[in-house]
Each structure stands twice: as structure tokens, then as C-alpha cells.
Amino acid sequence: MDYKKLAELLFPNIESAGDVLKRYPKRDLKEGQQVTRYAPSPTGYMHIGNFFQAFISYCLAKNSQGIFIVRTEDTDQERQVEGAMEIIFNNLHVYGLEPDEYEKPNGETKGSYGPYIQSKRPNFYKIFAKKLVAEGKAYPCFCESKGGKAEILKERETKFIDTDNTEYDECRNLNLEDVEKNLKAGKKFAIRLKTDGTGKERIKFVDLIKGEIEAQANAKDVVLLKSDGLAPYTFAHIIDDMLMGVTIVVRGEEYIASTPVHLEIIDKLGFERPKYCHNPLIWKIGDNGNKRKISKRYDPEADMRFYEKEGYPTETVIEYLLNLINSGFEIWRGQNPEKSWREFKFGINDITTAAPIFDLVKLNDISKTIISRMTAEEVYVRVLEWAKENDKDFAEFLLKNKAYSTKVFNIDRDNPKPRKDIYKWSMIKEYFYYMFREPQLEELADEDREKYEEFMSAYAKQFKFPASKDEWFANVKEVAEKLGYAVDNKLYKANPEAYKGNTAKACEFIRLALTGKKNSPDLYELMSILGEEKTLQRIIGGKKWEN
Ligand code: GLU
């Protein structure tokens, strides 16, 4: 069989593989420098597992001063979701994972190894399929045009479920005249790999995370080019990774099973095998205590939109994922509280081999620490940014009351041991609700109501807006003592019956009036932020407080 002639018949007048390789020369990389890629299919919103993969890919490139590519794998036209790539690019941008080479849906592009969108690369797939045909390593399969079988085969082509080769034996053995006849009759053809596998061979390959893997070698004549001229993932990603000079293929571990097929194709093409890094899936402990894959259907936190909507700082998600990648991050963070996560360098050997288990409580804890380290000004900026998208009224309030809001966010913050209660921006309005709207006296016990009213009316009459904490407390004590409260706690403890209560009780009443709660930050600080007018309004009670 004259394979060259066959190749020419199938793909007349196209650029040669050799010329393409000249146009995409090997990258001039320094020792250790890695080229990685994130290759999403635009089929929906971003799952945290995809983000995890993109993040690992990004870090492996950046930690080696290498190159991070984003490639759009849009050859499966039927599964495409409008706008998905915009979301993916935006997500990467929000988290600061800027790619070095890419093409965005709006046409913005960077890098000289493109196009970076698979649907713009059909020629490359044809050229290299032709090369394989010319070398007798692939063949045209006209099965799709056979009566009755078209649908079954189409399904196989798209799902890549190939049965044994006997199905295509006929096409494997067509001679040039048959092919010519079929082409003249306008029959469509797919290109299949002519595997050397018989089903008995084993293959070994190294995964950089999991180590050496042994598996059955490929024995299927998989589809390299579909009859519509598009290449399925199996072939397209190999050509792209090679032409783009990718050194480490970071992808989900679900691709381990098809790696033997990919390796046979790579070997037949005569390409250098890339390194593989199959990143682990993220798991979760379900309600029944069993481990299961984290899924968008059951776990809101599996969808990256969750973090934006709830208002988690981007650092939280990043730092949590770094924890999942390498438990050493936590220790490093403890020793380097001020450093950016970017300074935590890890290599491929530092990626955990254990299946990472997602734990929202742990993520929230990380977030609390991150937020506790921010200045009030920073919190204001972040909350405002979040509120603009998610709580317009609150955003308006924040814009009108910048100084006041910043002071509120500074409560319990500007000290060596800031509180660690807040883990997302969506909780901040409720957390400080008494600073943003009039509180309700929900926590006032019925049996205290009379005493509360008596104390508050006496306090309101004598109230002087305090100039210092001491002045404030002296004023409270004066009022309390006059009403029969103990100002000396020892005396009170020795004989509680003799008093209406102690100063702690008096403070509790003021606290209730100001915040509606029995626990609150320092009252003097709250009064200073609320200001004289609002403080007095709350002490007198009844009047609505509006900003
Ligand atoms: N487009 C494939 C996916 O989204 C990417 C696989 C790969 O990274 O090679 O699953």
C-alpha cells in the first residue's frame, strides 16, 4: 500500500507537518523552567476541582519562572455553554492567576504559540493525522456512511467508546481504489489510529504525583479525526501540547485511564512524551460519614461562584487550596504571617499524594485569620466591593458613611489580639447589625424589664457623653449607686440580697439598650463611634435611628 498516496488522496494540498514544526520551534527554556497549561472545556461554571487544577498548573509554572497557558478546548460543540470561557477567565483574574498565553472570547490574545482555541486549529489536527496516514499508522474509516450504523458510530466517536478492532477491519484493509471510490461517492471518513496493541501488552508511565503506573497498553483504533473534520480530545490535546511546548500536562486524574492511548499516539507521531501530573480529585465527607466526590449538585461550595456570592476573600480560597496541596503550608503561614502566599514555593514533589478532603469549617477558620489581619480600611474596600454586587442597599450606605463604617469595622480589630469571628463579607452587616440599624431588645429577660426601665431612665437623665473611658464608667457607677446597685463587687458578693445588682448588671442594661445584646464589644468604644446623638437616642429608647 502506498500510504503517502493514500494520505494525499485524503488530505490534498495541505501544509506539511515538517513546515508546521518549523513555525512552532521548541521553546528556549532554562533548566527546570516548566510550561504548563489549563485546558478547560467551556461547558459550564467553574467547579472547585477545575480551579484546583488550574491553580496547581499555574503554581508549577510560576514556581519555576515558567509559562502558564490557558487553552480553550471547545471541540465538543454540543456541550458548550455560552459565556463559560468569560467566566473562567474572569475567575482566574479575580484570584490573580493571570495566564501568560491565551486567547479570550473577545479576541484579546497573548503568546506566539497560538491559536489557543481548539476550534481555530483544525488544520493542525489534519496535518498530523495526514502524517500518521502517510506513515501507515492511521487509516480512514468510512463506517459512518454505512447504512444503519451511522448513529451508533457517531455516538462512539463522540464518546470515544471503541470496541474491538474487528469492527473496522474492513476499513483497516481498504486499498487505494476502494478509498478513491468512497471519496468519489462523497462518503465521509474518520481517521482512526492503527494500533499495534493486541490487548496483551502492558505499558508503564510515570505520573509526577502518583509515581510509576502500570496499565494495559492501548489496543483500540481510536478516532483521531471525526468525520466532521474535528479532532476529539484524544488527538487534539496531544498536537496542541506538543506545538505549544507544554512540559507538564496537569490534568484531572480521570485521564489516567486514557493515558496509554495518548502515549501510543505520541510515540507514533514521534513526539517527545510530556510529563504528566494527574491532580487528585477533591473529596468530601458526606452526611453518612462516607467519602464522596465534592459535587456541584450537593455541595454549594463546589461551585466557584459560591465564594464570590458569600464574600470570601480570594486569599481564603487560595490559601485553603494550598493547604490541600501541601500541609506544610499551614506551618509556613504560621511562621510567615505577613508574606504573600506567592512566596510559598512548592514543586511537584511537594503535592500531596493523599486524596484531598474538603472541609468548609477549616476554610472558614483560615478565612477568619486572614480577615482578622486586615486593616479596617481594607475591610471597608472589600466589603464595599462585595456589597456592590450582592447587597446594593448596604453598598449605598457604605458609600455615604465611609468614615463611620470604617470605624465600625475597626471595632476589636486594631489591637494585638484582634477577634476572629468574621469569615465572609456577607456576615458583616448582621455581625455589627446594631451599628447599622436600631437594635431590638431581644435578649432582655422579662424579670429584668422593670429594673431595666428604672435604670435606663435614671441613666438617661444623668447621661453625659463621655470624654474618656474613665469618665464614662464613673458616670455609670454614680447612677447605679444612687439606685441601690453595688459598686464594689466584693460587697455585692458577700450580700447580694442587699442590692439591686452590681455595676456589671448596670452595664448589661446599657449594652442591651445600645446593641440589643448581652455581649458586645467595649461600650465606650461603641458610644464613641455612634456619637452623642445616636447614643442618647438609644439610651432614651423608642426613637428610630436612621442614617
Ligand atoms: N478539556 C479537558 C477537560 O476540560 C482538559 C483535559 C486536560 O487538561 O488535558 O476535561
Side-chain angles (χ1 to χ4, degrees), residues 34-61 67-81 83-89 91-92 97 99 101-103 105 113 115-122 124-125 158-160 205 207-210 213 222-224 226 230-266 269 271 273-282 293-296 302-304 348 351:
Q34 305 297 346
V35 181
T36 65
R37 87 299 197 270
Y38 174 52
S41 301
T43 51
Y45 293 106
M46 209 168 183
H47 184 284
I48 188 147
N50 299 129
F51 185 76
F52 187 51
Q53 184 187 330
F55 183 52
I56 291 178
S57 196
Y58 173 87
C59 290
L60 290 179
I67 293 153
F68 174 57
I69 302 170
V70 170
R71 182 171 73 226
T72 305
E73 301 211 327
D74 60 344
T75 52
D76 190 351
Q77 310 274 341
E78 279 161 29
R79 290 178 55 226
Q80 278 195 54
V81 170
M85 275 322 285
E86 278 91 345
I87 292 171
I88 290 169
F89 276 110
N91 233 304
L92 294 174
L97 312 184
E101 299 182 11
Y102 58 85
E103 179 173 337
Y113 285 79
Y116 296 95
I117 300 181
Q118 283 189 332
S119 59
K120 296 192 174 177
R121 305 173 58 84
F124 296 128
Y125 312 134
T158 36
K159 292 192 180 155
F160 319 126
F205 58 94
D207 177 85
L208 294 175
I209 297 184
K210 296 174 202 310
I213 295 176
V222 291
V223 173
L224 304 179
K226 296 196 279 177
L230 294 175
Y233 169 77
T234 316
F235 193 55
H237 88 277
I238 289 173
I239 305 302
D240 296 342
D241 285 341
M242 192 279 304
L243 290 179
M244 292 177 187
V246 171
T247 60
I248 304 180
V249 171
V250 180
R251 60 182 179 185
E253 64 183 10
E254 66 274 21
Y255 287 100
I256 290 181
S258 40
T259 305
V261 183
H262 304 157
L263 290 174
E264 187 181 5
I265 300 171
I266 291 169
L269 283 163
F271 295 166
R273 292 182 178 186
K275 294 188 184 104
Y276 287 100
C277 167
H278 290 95
N279 64 278
L281 296 175
I282 300 182
K293 274 185 234 166
I294 191 165
S295 98
K296 278 201 236 178
D303 186 333
M304 288 304 286
I348 202 136
I351 300 177

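Counting convention: from 1, in listed order, for ligands and their atoms alike.
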Enquirer: Is there a polar contact between ligand 1 and V249, counting only N or O atoms under 3.5 Å apart?
Expert: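 For ligand 1, there is no N or O atom that lies under 3.5 Å from one belonging to V249.
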
Enquirer: So if I count the atoms of ligand 1 from 1 in the order they appear, which ones are less than 4.0 Å from some heavy atom of R251?
Expert: 7 (C), 8 (O), 9 (O)

Enquirer: Give the residue, atom name and distance (to 0.1 Å) of the protein heavy atom nearest atom 8 (O) of ligand 1.
Expert: R37 NH1, 2.8 Å

Enquirer: What is the closest protein heavy atom to atom 7 (C) of ligand 1, and at what distance does it sit?
Expert: Y233 OH, 3.2 Å

Enquirer: Side chains of E103 and T72, heavy atoms from C-beta outward: is any pair under 4.5 Å?
Expert: no

Enquirer: Run the ring-centre check on Y255 versus Y276 and record whether the distance is less than 6.0 Å.
Expert: no

Enquirer: If only side-chain N and O atoms count, and only distance matters, is there a donor-acceptor pair under 3.5 Å linking R121 with T75?
Expert: no

Enquirer: Pull out every atom of ligand 1 sitting under 4.0 Å from any heavy atom of Q53, numbered as shown with elements.
Expert: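 Counting from 1, the qualifying ligand atoms are 8 (O).
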
Enquirer: For the CG atom of L243 and the CZ atom of F124, what is their distance to the nearest 0.5 Å?
Expert: 6.0 Å

Enquirer: Counting non-hydrogen protein atoms only, what is the nearest one to atom 5 (C) of ligand 1? Give residue, atom name and distance.
Expert: A39 O, 3.0 Å

Enquirer: What atoms of ligand 1 come closer than 4.0 angstrom to any heavy atom of S41?
Expert: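 In order of number, 1 (N), 2 (C), 3 (C), 4 (O).
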
Enquirer: Determine whether the side chain, the backbone, both or neither of E73 has a heavy atom under 4.0 Å from any heavy atom of ligand 1.
Expert: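 The answer is the side chain.
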
Enquirer: Between Y255 and ligand 1, is there a nitrogen or oxygen pair with a distance under 3.5 Å?
Expert: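 Checking ligand 1 against Y255, an N or O pair does fall under 3.5 Å apart.
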
Enquirer: Just checking, is any N or O donor in the side chain of D240 or Y116 under 3.5 Å from an acceptor N or O on the other one?
Expert: no

Enquirer: Would the number of heavy atoms belonging to other residues, nucleotides or ligands and lying under 6.0 Å from NZ of K293 be above 12?
Expert: no

Enquirer: Say you draw a straight line from CZ of F205 to NZ of K275; how long is it, rounded to the nearest 0.5 Å?
Expert: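 Here the rounded value is 16.0 Å.
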
